Q: 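Structure provided below as structure tokens; questions to follow.
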There are 2 protein chains.
Amino acid sequence: MLSSVIFYSLDKAIRQYRKLAQANIDRAGIAITIDQWLVLRVIQEHDDLTQADIADRVFKDQASVARMISLLTKRGLLAAVPLPSDGRRSQLRVTKEGEQVLSDVQPVVLSNRSLALQGLSEDDLTLLRNMLERIYLNCSARAPTP
Amino acid sequence: MLSSVIFYSLDKAIRQYRKLAQANIDRAGIAITIDQWLVLRVIQEHDDLTQADIADRVFKDQASVARMISLLTKRGLLAAVPLPSDGRRSQLRVTKEGEQVLSDVQPVVLSNRSLALQGLSEDDLTLLRNMLERIYLNCSARAPTP
DNA sequence: GCAACTTCAATGATATATCATACATCTATA
DNA sequence: TATAGATGTATGATATATCATTGAAGTTGC
């Protein structure tokens with residue numbers, strides 16, 4: 001049965017969490033998707049990453065990140081200043097509007113997390129994290145991403 | 001830190017698994033995506049579901065399923081026969097080619113799973129499943145999907 | 001038997017995901 | 001220092017994801 005397959009449960013849990021999270025962000029009247037938020041946050045923390053670096057951190061493709069950056073820039077949440085030291089790159093900066101969105105989203109994200117994790121102890125979460133990391137490593141070992 | 005966030009670990013694990021799984025399916029020379037495979041499988045098991053039913057089972061949207069069905073039909077893996085009892089619907093059937101693909105994929109999926117779950121005991125998996133189910137339920141409680 | 005409601009599938013709009021490729025620029029080395 | 005290779009970004013093609021809406025077809029209640 002599908003329900004006994006662990007990856008089915010994984011998918012189910014993460015998708016439901018995403019629905020909850022996005023719904024609460026929408027309800028708070030903030031116009032951003034979870035994925036955009038994640039990218040914006042990564043850029044806020046490190047403004048010297050290449051698109052590929054960012055992609056690594058959010059487990060996406062460089063092409064996806066390129067499009068998200070272009071969208072976030074179009075929306076005024078991100079600004080790109082060409083880097084004199086490297087003609088291929090730009091320095092990405094979160095704008096005032098971007099900062100505002102990030103700080104608006106923060107409490108919603110925290111509340112989503114605690115809602116979603118109700119009934120799970122710290123020990124549970126540690127165990128869960130370890131198992132997930134184990135799965136990740138197992139899949140990386142033979143994944144054709146050398 | 002992002003790495004301490006459980007949903008980050010969840011995302012990371014599932015994405016890596018998907019990469020491994022898709023890579024191994026591709027490597028076996030089978031032209032299907034994991035998502036298409038899942039839909040095809042659900043239809044094989046129950047040929048009397050509506051698109052919304054299928055969407056529920058694969059945790060997707062009815063619109064996504066509609067497009068996947070149309071694609072699978074175009075590729076000849078699925079056939080739709082109009083239902084006389086209901087002018088809106090069609091009976092979906094997995095074709096010979098579809099059956100072939102499903103049976104080709106089966107061993108690859110099994111091998112992917114055991115690869116990915118190496119080092120996790122049955123007890124671990126039960127625990128994992130329970131925690132994921134807990135998260136799912138927590139997120140469903142207030143998810144605006146009544 | 002028909003009006004109101006519900007169900008089902010299809011599709012437009014927008015965003016994401018991924019691969020492959022194109023193009024520019026940078027770096028290392030022969 | 002010319003150039004081969006590496007790196008960084010952008011984009012076409014295709015698939016998926018989601019919401020909202022349309023329109024057809026079924027069901028209910030009166």
Side-chain angles (χ1 to χ4, degrees), chain A residues 11 14-23 25-27 31-40 43 48-56 58-75 77-78 80-92 143-145, chain B residues 11 14-23 25-27 31-40 43 48-56 58-75 77-78 80-92 143-145:
Chain A
D11 213 41
I14 193 95
R15 279 175 195 271
Q16 200 70 12
Y17 175 71
R18 283 175 162 273
K19 277 184 197 166
L20 171 74
Q22 190 65 60
I25 289 174
D26 293 349
R27 186 156 28 227
I32 195 169
T33 68
I34 302 183
D35 294 302
Q36 290 169 6
W37 167 76
L38 192 55
V39 168
L40 202 55
I43 294 174
D48 56 347
L49 300 177
T50 65
Q51 292 183 356
D53 290 336
I54 298 171
D56 274 353
V58 300
F59 311 119
K60 292 180 202 292
D61 193 81
Q62 174 264 326
S64 303
V65 169
R67 283 168 173 124
M68 290 172 81
I69 286 175
S70 119
L71 190 64
L72 287 168
T73 303
K74 212 172 297 171
R75 295 220 176 137
L77 305 184
L78 213 53
V81 185
L83 269 181
S85 59
D86 188 333
R88 297 165 301 181
R89 305 189 45 194
S90 289
Q91 165 108 20
L92 293 172
T145 321
Chain B
D11 213 41
I14 192 97
R15 279 175 195 272
Q16 200 69 12
Y17 175 70
R18 282 175 162 273
K19 276 184 198 166
L20 171 73
Q22 191 65 60
I25 289 174
D26 293 349
R27 185 155 28 225
I32 195 168
T33 68
I34 301 183
D35 294 302
Q36 290 170 6
W37 166 77
L38 191 56
V39 167
L40 202 56
I43 294 173
D48 56 346
L49 301 176
T50 64
Q51 292 184 356
D53 290 336
I54 297 171
D56 274 353
V58 300
F59 310 119
K60 291 180 202 291
D61 194 80
Q62 173 263 325
S64 302
V65 170
R67 284 170 172 125
M68 289 170 83
I69 286 175
S70 119
L71 190 64
L72 288 168
T73 303
K74 212 171 296 169
R75 295 219 176 139
L77 306 184
L78 213 52
V81 184
L83 269 182
S85 59
D86 188 334
R88 297 165 303 181
R89 304 189 45 194
S90 288
Q91 164 108 20
L92 292 172
T145 321

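In what follows, chains carry the letters A, B, and so on, assigned in the order in which the sequence lines appear, proteins first and then strands, with residues in each chain numbered from 1. What you see is a predicted model; the values in this text were computed from it and never measured.
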Q: For the pair made of CZ in R18(A) and P in dC19(D), what is the distance, rounded to whole Å?
A: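 Those two atoms, CZ and P, are 13 Å apart.
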
Q: Between the side chain of Q62(A) and the main-chain N/O of D53(A), is any donor-acceptor distance below 3.5 Å?
A: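 No, Q62(A) side chain to D53(A) backbone: no donor-acceptor pair under 3.5 Å.
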
Q: Considering non-hydrogen atoms only, spot the tightest contact between A80(A) and P82(A) and give its length.
A: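 Between these two residues, the closest heavy atoms are O-CD, 3.9 Å.
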
Q: Return the nearest nucleotide to the side chain of L71(A); candidates are dA15(C), dA17(C), dT14(D).
A: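 The listed nucleotide nearest to L71(A)'s side chain is dA15(C).
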
Q: Output the rounded distance in Å from CD1 (I25(A)) to C1' (dT18(D)).
A: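 Roughly 15 Å, once rounded to whole Å.
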
Q: Kindly give the atom pairs (protein nitrogen or oxygen, nucleotide nitrogen or oxygen) under 3.5 Å for nucleotides 3-7 of chain C.
A:
from, atom 1, to, atom 2, distance (Å)
dT7(C), O2, R88(B), NH1, 2.2

Q: Quick one: is Q51(B) getting a side-chain N or O under 4.0 Å of the dA10(C) phosphate, OP1 or OP2?
A: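 Yes, Q51(B) has a side-chain N/O under 4.0 Å of OP1/OP2 on dA10(C).
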
Q: Using atom CD of Q91(B) as one end and atom P of dC8(C) as the other, report the distance to the nearest whole Å.
A: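 One finds 15 Å between P of dC8(C) and CD of Q91(B), rounded.
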
Q: Which atom names give the shortest non-hydrogen contact between L40(A) and L72(A), and what distance separates them?
A: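 Residues L40(A) and L72(A), closest heavy atoms: CD1-CD1, 4.3 Å.
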
Q: Look at R67(B) and dA9(C) and indicate whether a side-chain polar atom (N or O) is within less than 4.0 Å of OP1 or OP2.
A: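 Checking R67(B) against dA9(C): no side-chain N or O falls below 4.0 Å of OP1 or OP2.
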
Q: Rounded to the nearest angstrom, tell me the gap between atom CD in Q22(B) and atom P in dA15(D).
A: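 Roughly 12 Å, once rounded to whole Å.
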
Q: Using a 4.5 Å cut-off on heavy atoms from C-beta on, say whether the side chain of V39(A) contacts that of L78(A).
A: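 Contact flag for L78(A)/V39(A) side chains = no.
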
Q: Using whole Å, what does the distance between atom P of nucleotide dA15(C) and atom CG of L38(A) come to?
A: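 The answer, rounded to whole Å, is 18 Å.
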
Q: NZ of K19(A) versus C1' of dT18(D): gap in Å, rounded?
A: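 It works out to 10 Å between those atoms.
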
Q: So how far is it from K19(B) NZ to D26(B) CG, rounded to the nearest 0.5 Å?
A: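 Spacing of NZ (K19(B)) from CG (D26(B)) equals 13.5 Å.
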
Q: If you assign each of R15(A) and R89(A) to its closest nucleotide in DNA chain D, which residue comes earlier from the 5' end?
A: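 Nearest nucleotide further toward 5': that of R89(A).
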
Q: Could you pick out which residue, Q36(A) or S85(A), lies toward the 5' side of DNA chain C when each is mapped onto its nearest nucleotide?
A: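 The 5'-side residue here is Q36(A).
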
Q: I need the CG-P distance between L72(A) and dA10(D), as an integer number of Å.
A: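 After rounding, the gap between these two atoms is 13 Å.
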
Q: Indicate, with a heavy-atom threshold strictly under 4.0 Å, whether T33(B) touches base, sugar-phosphate, or nothing.
A: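 If one applies the 4.0 Å heavy-atom cut-off, T33(B) turns out to touch the sugar-phosphate alone, with no base involved.
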
Q: Rounded to whole Å, how long is the line connecting atom CG of L49(A) with atom P of dG8(D)?
A: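 The answer, rounded to whole Å, is 11 Å.
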
Q: Of all the heavy-atom pairs spanning L71(A) and Q36(A), show the shortest one and how long it is.
A: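 Minimum heavy-atom contact is CD2-NE2, 3.2 Å.
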
Q: Mind listing the closest non-hydrogen atom pair of I14(B) and D11(A) along with its distance?
A: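 Between these two residues, the closest heavy atoms are CD1-N, 3.8 Å.
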
Q: F59(A) or D86(A): which one's nearest nucleotide on DNA chain C is closer to the 5' end?
A: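 Nearest-nucleotide comparison on DNA chain C picks F59(A).
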
Q: Salt bridge or not for R67(A) and D61(A), using N-O below 4.0 Å?
A: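 Salt bridge between R67(A) and D61(A), a charged N being under 4.0 Å from a carboxylate O: no.
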
Q: What pairs of nitrogen or oxygen atoms, one from the protein and one from nucleotides 20-23 of chain C, lie under 3.5 Å apart?
A:
none

Q: What are the two closest heavy atoms between V65(A) and Q51(A), and how far apart are they?
A: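 Between these two residues, the closest heavy atoms are CG1-O, 3.9 Å.
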
Q: Can you name the closest pair of heavy atoms from I34(B) and R18(B) and give their distance?
A: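 Where I34(B) meets R18(B) most closely, the heavy atoms are CD1-O, 3.6 Å.
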
